[in-house]
Peer 1: 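Quick one: structure below, then a few questions.
Every chain is numbered from 1 and lettered A, B, ... according to where its sequence line falls, protein lines coming before strand lines. Quick note: numbers below take in every heavy atom, side chains included, and nothing from hydrogens, waters or symmetry partners.
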There are 4 protein chains.
Amino acid sequence: MSVTGTRPAGRPRSERAEKAIVDATLDLIGEGASVSELSIEAVAARAGVGKTTIYRRWANKEELVGDALATLKAPLPVVAGRTVREDLVAYLDVMRQDSLHVRTRCIMNIAMSDQERHPRLYERFHQTAIEPRRAAMRAVLERGVATGELRADLDVELAMGMLTGTMLWYTKAASHGGALPSPDLASRIVDEALRGFRSAQA
Amino acid sequence: MSVTGTRPAGRPRSERAEKAIVDATLDLIGEGASVSELSIEAVAARAGVGKTTIYRRWANKEELVGDALATLKAPLPVVAGRTVREDLVAYLDVMRQDSLHVRTRCIMNIAMSDQERHPRLYERFHQTAIEPRRAAMRAVLERGVATGELRADLDVELAMGMLTGTMLWYTKAASHGGALPSPDLASRIVDEALRGFRSAQA
Amino acid sequence: MSVTGTRPAGRPRSERAEKAIVDATLDLIGEGASVSELSIEAVAARAGVGKTTIYRRWANKEELVGDALATLKAPLPVVAGRTVREDLVAYLDVMRQDSLHVRTRCIMNIAMSDQERHPRLYERFHQTAIEPRRAAMRAVLERGVATGELRADLDVELAMGMLTGTMLWYTKAASHGGALPSPDLASRIVDEALRGFRSAQA
Amino acid sequence: MSVTGTRPAGRPRSERAEKAIVDATLDLIGEGASVSELSIEAVAARAGVGKTTIYRRWANKEELVGDALATLKAPLPVVAGRTVREDLVAYLDVMRQDSLHVRTRCIMNIAMSDQERHPRLYERFHQTAIEPRRAAMRAVLERGVATGELRADLDVELAMGMLTGTMLWYTKAASHGGALPSPDLASRIVDEALRGFRSAQA
DNA sequence: TTTTAACCGAGACGGTACGTCCCGTCTTTTT
DNA sequence: AAAAAGACGGGACGTACCGTCTCGGTTAAAA
């Protein structure tokens, strides 16, 4: 007599294989392969796995890449919470530091660039990687408004867009020029932005 | 016997063919093909041209796409020059309006996203499409500083990054959500940014 | 303590399964699958059995097919024994009638054709299906020699080869042409052959 | 202005490639591969050719094997024409000698055995390899009847079947037993058969 | 009774070959 | 000499089976 939650018949899927496949995928993306340059055959070879094993789990490349990217937990920095400035600098500096790693850059590229072509992929990336960071930043800003440190009428969404968009644009521009984004970039951006954000009495 | 300025012997290259190839390329990109999904075979077929004719003129896909993108002249908006605010709003609103067209969006994507993979392509796009706009915007800001409308110690480059980056981030976010970026987005961004940029006496 | 002839411990093999497997195999062969086209997966599916259950009993396809073919008992016709002619016609006509059934034809093909590739398979088929018939025919001819109906110096083996080979060749040719082998084929072959086999006084 | 019989535009198909493909196919068949064991990939590799090049010319394996087998010209022995016996022995002995070569045996097997499964293949083999030999043998027998050496009422088709079928059966039996067919086999068969074929006065 | 050993089905595993599509190159006739 | 057509060797696609390997669940002899 079997209980609820009983396993389906047959050999269960190997977690080792699944992990190896996802790792191989991330490795190859990290080495610069785009979604369409990434070959399932290469993933299978690097993972030491048959192609069948991949196709049994994912219907196509896009879904595999989606799951692989979603695997990457964005470890949000813990934030002191003393001043809005400090917290925002901490968040933005994580973005700058991420941009220094080829792997992260490739992953960003793949996730952002193919948005138009692989919308579901972007959707997942958005949910797991972007939205949590946005939520954290939104909390900081709203707390700032609540404490009176920031203007009461601040458009929090717009403020977030300014901070995030500016940092992304800079890291992109820097990586293009071959130069590294300056270490104090985060604080410069935050300082400039806060000029307009702060409440009069602050 | 040939005259000065003589054409080289043999059949001259067909301008029709060249144009047809570039048009086909832009069409296909506009329909959503990425650099790697774009197939030379498809370009040739759509242009009604032999593959040889393409490979005779361009060494590889990247150069073809590069030339095709460079073809697209970015018509800079003429700017009234009355106030910094008006000018910036005008420039940013062009970006917003561009983002409404699928074709422009695809081209942006291809140019921006494959930066890591196709650096020379990005380089050309940068030179022909981005840099002129940056120069125009820089001129507006510097004029603002000169007239005292903006802070004397304003970091012009950082300010440009804030304006451009914010708009790009928003158009991306909007296109992802399926929503159109709000028509007054440009003015809202500029207004928020100018709070910090303006000089005390302004 | 166990008695002689005791069954081994554990669950005994299911006879149902075994029979279902053999039947499925014969069905599929009868439907035209060659040894190499016959897929174990198809056998398992049709028999409603796991692949393991097949591989537990037979080391490979060849052995399975061998056992399956050996299952088919070739029911030798009972022979009147009045004249050599009548008996030979009876034997040969069985071959003709067999050739009318697709299933028999497929089995013949598989057994005969893959002789080079699956020699042991052919060996088994030879032992169970061919040799008994040859023995029967040999007995008829030797009795004919003994009774003086046939030449004393008749090469019995050669005579058998002539009768069997001719009939096989004809049935093959007929099945290829789509035509049925003529109903009096057996008697025509025997009559023609006996012209040379008969003793002078007969 | 183009003349009749002008070649189609584009690069013509390479005869070298075609020959290499057919040769590789025959080699692999000669090494014992059946139609279904024969892999196009192996043919391509051995021929030093892309798979595309094979599939461009043949729709599937069967057609390739068909063309490959049809390539094999059956070089009919020239026949003295003095007596029916001599001529028949010459023809049958060619069959016996053919059976000594593994390659010929494999080709025979593939052509004959897969008759049921690959009827068109067999058809072509029949036309190019079997029918010419049958015609030659028929001519010999009919000449024998005309000269009075053979019975006027001889069933020529049946006689051919007896000779051919017997030889085939023997070579098969011999190759199965591992033994070589005896060198005088052809003459023994012919002698036995002619006993019945000859006219009374002969 | 309770082990316990072998079987059962289902189904995942690493592979090989399939036949298709496109790559970028090469070779031919036509313009 | 360039154009178009199209064949070339190569490589990845996604599918179908291969023969092997776990699994949870019978089944029946041995303890």
Peer 1: Can you check the B:Glu62 CD to E:dC23 P distance for me, whole Å?
Peer 2: 16 Å
Peer 1: So which one's nearest nucleotide on DNA chain E is more toward 5', D:Glu41 or D:Ala9?
Peer 2: D:Glu41
Peer 1: Mapping A:Lys61 and D:Ile54 onto DNA chain F by nearest heavy atom, which one lands closer to the 5' end?
Peer 2: D:Ile54
Peer 1: Can you identify which nucleotide, out of E:dC13, F:dA7, E:dG14, has its nearest atom closest to the A:Val49 side chain?
Peer 2: E:dG14
Peer 1: Between the base of F:dA5 and the side chain of B:Thr52, is one N or O donor paired with an acceptor at under 3.5 angstrom?
Peer 2: yes
Peer 1: Could you tell me the separation between the CD atom of C:Glu18 and the P atom of E:dG9, rounded to a whole number of Å?
Peer 2: 12 Å
Peer 1: Given atom CG of A:Leu28 and atom P of F:dA12, what is their separation to the nearest angstrom?
Peer 2: 12 Å
Peer 1: Return the value, rounded to whole Å, for the distance between atom OH of C:Tyr55 and atom P of F:dC21.
Peer 2: 12 Å
Peer 1: Calculate the interatomic distance between A:Trp58 atom CH2 and F:dC13 atom P; express it in whole Å.
Peer 2: 15 Å
Peer 1: Using a 4.5 Å cut-off on heavy atoms from C-beta on, say whether the side chain of B:Ile21 contacts that of B:Trp58.
Peer 2: yes
Peer 1: Between the base of E:dC26 and the side chain of D:Arg11, is there any donor-acceptor pair under 3.5 Å?
Peer 2: yes
Peer 1: Quick one: closest heavy-atom pair of A:Lys61 and A:Val35, and the distance?
Peer 2: CD-O, 3.1 Å
Peer 1: With sugar-phosphate meaning primed atoms plus P, OP1 and OP2, does B:Arg57 contact a base, only sugar-phosphate, or nothing at under 4.0 Å between heavy atoms?
Peer 2: sugar-phosphate
Peer 1: Looking at the base of F:dG6, is there any donor atom on it, or on the side chain of B:Lys51, that sits under 3.5 Å from an acceptor on the other one?
Peer 2: no
Peer 1: Just by modelled atom types, is the A:Glu63 backbone N or O under 3.5 Å from a matching donor or acceptor in the A:Asn60 side chain?
Peer 2: yes
Peer 1: So, does the side chain of C:Arg13 form a donor-acceptor pair with the base of E:dC7 at under 3.5 Å?
Peer 2: no
Peer 1: What is the separation between atom CG on C:Leu38 and atom C1' on F:dA16, rounded to the nearest whole Å?
Peer 2: 15 Å
Peer 1: Between C:Leu38 and C:Thr25, what is the shortest heavy-atom contact and its length?
Peer 2: CD2-CG2, 3.9 Å
Peer 1: Would you say the side chain of A:Thr128 lies within less than 4.5 Å of the side chain of A:Leu69, judging by non-hydrogen atoms?
Peer 2: no
Peer 1: Which is true for D:Ser14 with a 4.0 Å heavy-atom rule: it touches a base, it touches only sugar-phosphate, or it touches nothing?
Peer 2: sugar-phosphate
Peer 1: By nearest heavy atom, map A:Pro12 and D:Arg56 onto DNA chain F; which one lands nearer the 5' end?
Peer 2: D:Arg56
Peer 1: Nearest-Å distance, CD (A:Glu15) to P (E:dC13)?
Peer 2: 11 Å
